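Notes follow the structure.
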Amino acid sequence: AALSTKLAGIQVCIMTVCTSPAKRRFPQFIERKIDDLVYKCVDKFIVPAKPVGQLLAELREFGHSKLSIIPWGVPIPKSFLMNSAISDLRQSLKIPKEAKVIGNIARFEPRKGHRWLIEAISILKNKINDFHVILVGEGPTKREIENQVEALGLKEIVTFAGYRSDTYEITQIFDIFVYPSILEGLPISLLEAMSLGKPIVATPADGIPEAIINGKTGIIVPPRDSLALAMAIERLLINPKLAEDMGMAGFVRFEAKYTL
């Protein structure tokens, strides 16, 4: 696309890099040539968080002079579900009446870390009752995660909600939002959870720590660590005041930095 803009005679080409780049893979010399061509054709790369730009510089050797940071943003919610609508939505997702809801909204792919979330839920199941997990999204690893849920005997407490266009509404029924990614830019669904005052458990994947202040607006745990993830979720489940305070602090940070 970048080359096409130059061939078409377009004077300025701006490219948005939505997620953090990975290391070059074999054959590296081909990727290097592609990177060099893209870099020459693009006048400015827009990244949503500083760590994404740093990785572009370190792993792809892009010059800092061509990098600009513009964080994603989402609107401040203007309307909220009535109690009856919340009840109907919970019922449609097979959530027991008194259960706390642990939610995740992400595409099913390896870098999103679903497997460690399911392992964490398996650990929690042996310690805490009355919670339910909602996984929103589609993607290539969904079947694998469904099989993992079945193998661990979690089918009764995990609902796969599929693709949903009503993510704001779905997020409103969450008590805790969890994002266990291992490679990330700055997730829109995480910003939506902040906009709704939801306490968040997440990993320090690239742009996430710019949004989530550990111990204040949420809890940051190491990636690929299901035990740490389970302990953080448990901490918020058994401390509703802490969860409420973190959610409110997250909203304040969202309002200051990530609104449209």
Side-chain angles (χ1 to χ4, degrees), residues 77 80-108 112-139 141-181 187 189-190 192-203 218-219 221 225-244 246-247 250:
F80 299 92
L81 295 178
M82 301 291 287
N83 288 339
S84 58
I86 289 176
S87 178
D88 290 344
L89 186 53
R90 286 176 62 99
Q91 187 173 357
S92 71
L93 293 168
K94 302 176 183 178
I95 302 170
K97 188 174 181 180
E98 302 301 326
K100 294 287 184 71
V101 180
I102 300 165
N104 170 270
I105 301 175
R107 176 174 166 78
F108 281 89
K112 294 299 185 179
H114 289 94
R115 58 169 288 192
W116 291 285
L117 173 55
I118 298 306
E119 288 175 3
I121 296 306
S122 181
I123 294 170
L124 277 175
K125 183 186 177 185
N126 296 321
K127 303 176 69 176
I128 295 179
N129 297 318
D130 297 329
F131 71 86
H132 198 87
V133 181
I134 300 295
L135 303 178
V136 179
E138 295 288 347
T141 62
K142 183 180 178 184
R143 175 64 65 185
E144 175 187 330
I145 301 304
E146 288 174 333
N147 291 340
Q148 182 187 13
V149 165
E150 184 169 5
L152 292 173
L154 303 175
K155 289 184 68 175
E156 294 299 317
I157 61 171
V158 177
T159 296
F160 290 86
Y163 171 78
R164 303 283 297 228
S165 60
D166 57 342
T167 53
Y168 262 121
E169 288 77 10
I170 290 284
T171 305
Q172 286 181 49
I173 70 172
F174 295 167
D175 293 285
I176 300 170
F177 183 84
V178 182
Y179 210 89
S181 187
S189 61
L190 183 142
E192 289 183 348
M194 291 176 69
S195 78
L196 291 165
K198 301 299 179 180
I200 294 171
V201 177
T203 55
I219 301 176
V221 300
D225 190 335
S226 53
L227 179 58
L229 196 59
M231 291 174 65
I233 297 170
E234 180 184 11
R235 184 181 173 196
L236 293 177
L237 285 174
I238 66 177
N239 291 283
K241 181 63 167 58
L242 175 65
E244 181 181 1
M246 284 189 173

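Computation of the quantities below employed the complete heavy-atom set of this structure, encompassing side-chain atoms and omitting hydrogens, waters and symmetry-equivalent molecules. This is a predicted model, so every value here is computed, not measured.
Taking 4.5 Å as the limit, some side-chain heavy atom of Ile105 sits within range of a side-chain heavy atom of Phe174. Side-chain contact between Val133 and Val149: absent, with no pair of heavy atoms (C-beta onward) separated by less than 4.5 Å. The shortest side-chain heavy-atom distance between Leu93 and Arg164 falls under the 4.5 Å cut-off. Side-chain contact between Val158 and Leu154 is present, with at least one heavy-atom pair separated by less than 4.5 Å. For the pair Ile86 and Phe80, the minimum side-chain heavy-atom distance is 4.5 Å or more. You'll find the side chain of Asp175 stays beyond 4.5 Å of the side chain of Phe131, heavy atoms only. At least one side-chain heavy atom of Ile219 sits less than 4.5 Å from a side-chain heavy atom of Met246.
Of the inter-residue distances, the one linking Ile95 atom CD1 with Ile134 atom CD1 reads 4.0 Å to the nearest 0.5 angstrom. Remark: Leu190 CG to Lys198 NZ distance equals 14.0 Å, nearest 0.5 Å. Interatomic distance, Ile233 CD1 to Ile121 CD1, rounded to the nearest 0.5 Å: 4.5 Å. Expressed to the nearest 0.5 Å, how far CG of Leu196 lies from CD1 of Ile170 amounts to 12.0 Å.
Legend: side-chain hydrogen bond (donor to acceptor under 3.5 Å, both in side chains) pairs involving residues 142-161, not counting sequence neighbours, sorted by first then second residue: His132-Thr159, Glu138-Lys142, Arg143-Glu146. Residues in residues 85-107 take part in these side-chain hydrogen bond (donor to acceptor under 3.5 Å, both in side chains) pairs, two or more places apart or across chains: Asn104-His114. Sorted by first and then second residue, the side-chain hydrogen bond (donor to acceptor under 3.5 Å, both in side chains) pairs with a member in residues 120-130 read Lys127-Glu234; sequence neighbours excluded.
The salt bridge (Lys or Arg N to Asp or Glu O under 4.0 Å) test applied to Arg235 returns no partner, not counting sequence neighbours. Residues that satisfy the side chain to side chain donor-acceptor pair (under 3.5 Å) test with Ser189, not counting sequence neighbours, are absent from this structure. By the salt bridge (Lys or Arg N to Asp or Glu O under 4.0 Å) test, Glu192 is found to be paired with no residue, residues two or more places apart in sequence or in another chain being considered. With sequence neighbours left out, Ser181 forms a side chain to side chain donor-acceptor pair (under 3.5 Å) with Glu184.
Closest of all the heavy-atom pairs between Leu229 and Leu117 is CD2-CA, 3.6 Å. Shown here for Ile123 and Leu227, the closest heavy-atom pair between the two residues is CD1-CA, 3.9 Å. Of all non-hydrogen atoms in Leu124 and Ala230, the two that sit nearest each other are CD2-O, 3.5 Å. Listed here is the closest heavy atom pair of Gly162 and Val136: O-CG1, 3.4 Å. The shortest heavy-atom contact between Ser226 and Ala120 is O-CB, 3.4 Å. Nearest heavy-atom pair across Asp225 and Trp116 is N-CD1, 4.2 Å.
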